[in-house]
Amino acid sequence: MHDWAITRRQLLRFSTASIVTAGVTSCRSLLATRSEASDQSDENNNRVILPSTCVPLNSECPLKDQAASRGLIYGAAGKYKTLSADLDLANVLAQECALLVPENDFKWQALRPGLNQFDFSRSDWMADFAMEREMLLRGHTLVWYKSLPRWVEEQVSVENGEAVMVDHIRTVAHRYAGRMHSWDVVNEAIAPEPTVENPWRPSPWLDWIGPDYVAKAFHAAHEADPEALLIYNENGLWWDAPEGEAKKVAVLRLLENLKTQGVPIHGVGIQSHLRGHLMEQFQPEKMRQFLQHVADLDLEIFISELDVRDTELPDDIEERDRLIAGAYQDYLSVILEQPAVSTIVTWGLSDRDTWHSK
Ligand code: XIL
């Protein structure tokens, strides 16, 4: 382990200190509490609600402090490619965020040039960056059906699939053990339109190992890094198209099964790639129920990849900004009612550096 290694507990102490030192009163003008944001009085009015208009980033009152003063961790995704080249972006990210999620640099495509090879150059740079800037680090992602290098398809099979997956998890999770706040252990295992008979999203890991690949991945991650929070991350949960409902049910069934089997899982990541023109498909009551079911399973909730796709919104910039701010407001005001929500991560911090602009 490098001599800059810091334990998760030390990092959490740092983040607790920022709660204590957060200039809550000086931040007041940038915040609307629930009782200010709505006419209803609400005993949960100590949670952050995003203002309905855009707020300029402000070093006096960073987003991380605003979140911490309400008991939340705020972070964003960032990547080696842009953070290493753009010091302004790097500075503002560290100023605003208590947590960094490497957007691509911990994926197989980045880490695994070959069956017996690992390349930690970019992931180490990101871990160093988080450490130097006193940010928590969140690993994304150990097992996913996507972002697999070509050799995986050619050299992995039913014979060696489990060994290859477990070796990857052990090696990577062990390397960053003690430095990871949390790991997305498995990403997107449930199909977009799951059925009771077959809830699984097609994945080579499913083909090679069977449905148990999820549980096996969590066990391996826990052995390699017993301190990190282990998260199941999933997409398509924010809206309520008919298939969205089936997806929530299937995800809850998976989580229940994992908990019943004693699998070391600590939380759920709800990706939350909102679509600005489809916000009428977000149904607050259904989301509240889903969040409560997750909380009843004693799992933490992360909003793990929040952003708003605006491609179908009107061209007028002011109107577009208003609708985007409204989408965040509508979504987060429901999400933040749930005390099990601990962490909010936006998928990037700047429109200049988002996967939506590619
Ligand atoms: C995306 C990145 O943002 C892009 O830069 C990359 O080209 C593809 O992957 N759900 C996930 C993330 O879990 O890993 C994806 O990130 C976005 C959707």
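Atoms considered below: every heavy atom in the structure, side chains included; atoms not considered: hydrogens, waters and symmetry mates. Read the numbers this way: they start at 1 and go in the same order the structure lists the ligands and their atoms. The model shown is predicted, which means the values in this text are computed figures rather than measured ones.
The shortest separation from a heavy atom of K79 to ligand 1 is not under 4.0 Å, leaving the residue out of contact. No heavy atom of K146 sits closer than 4.0 Å to any atom of ligand 1.
Interface atoms of ligand 1 facing W144, defined by a heavy-atom separation under 4.0 Å, are 14 (O). Atoms of ligand 1 lying under 4.0 Å from any heavy atom of H140, numbered from 1 in the order shown and given with element: 11 (C), 12 (C), 13 (O), 14 (O).
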Q271 vs E234, side-chain hydrogen bond (donor to acceptor under 3.5 Å, both in side chains): CA-CA, chis, key distance, verdict: CA-CA 6 Å; Q271 290 187 8; E234 188 55 271; 5.6 Å; no

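Among protein heavy atoms, atom 11 (C) of ligand 1 sits closest to E305 OE1, 3.1 Å. For atom 9 (O) of ligand 1, the closest heavy atom belonging to the protein is K107 NZ, 3.0 Å. For atom 3 (O) of ligand 1, the nearest protein heavy atom (residue, atom name, distance) is E103 OE2, 2.5 Å. The single protein non-hydrogen atom nearest to atom 6 (C) of ligand 1 is N104 OD1, 3.5 Å, given as residue, atom name and distance.
Among residue pairs with one or both ends in residues 106-120, none qualify as salt bridge (Lys or Arg N to Asp or Glu O under 4.0 Å); sequence neighbours excluded.
Ring geometry for F118 against H168 counts as parallel: the plane angle stays under 30°, on a 0 to 90° scale with 60° as the upper cut.
Of the polar atoms of W355, none of the N or O atoms is found under 3.5 Å from an N or O of ligand 1, judged by distance alone.
By the ring pair (Phe, Tyr, Trp, His ring centres under 6.0 Å) test, W125 is found to be paired with Y80, F129, residues two or more places apart in sequence or in another chain being considered.
Contacts of N235 with ligand 1, taken as heavy-atom pairs under 4.0 Å, are absent altogether.
At least one donor-acceptor pair closer than 3.5 Å links the side chain of D86 to the backbone N or O of L89.
Of the options T141, N233, T346, a side-chain hydrogen bond (donor to acceptor under 3.5 Å, both in side chains) to S304 is made by N233 and by none of the others.
Figure legend: R138 and W183 shown without cation-pi pairing, the cationic atom not lying both under 6.0 angstrom from the six-membered ring centre and within 45 degrees of its axis.
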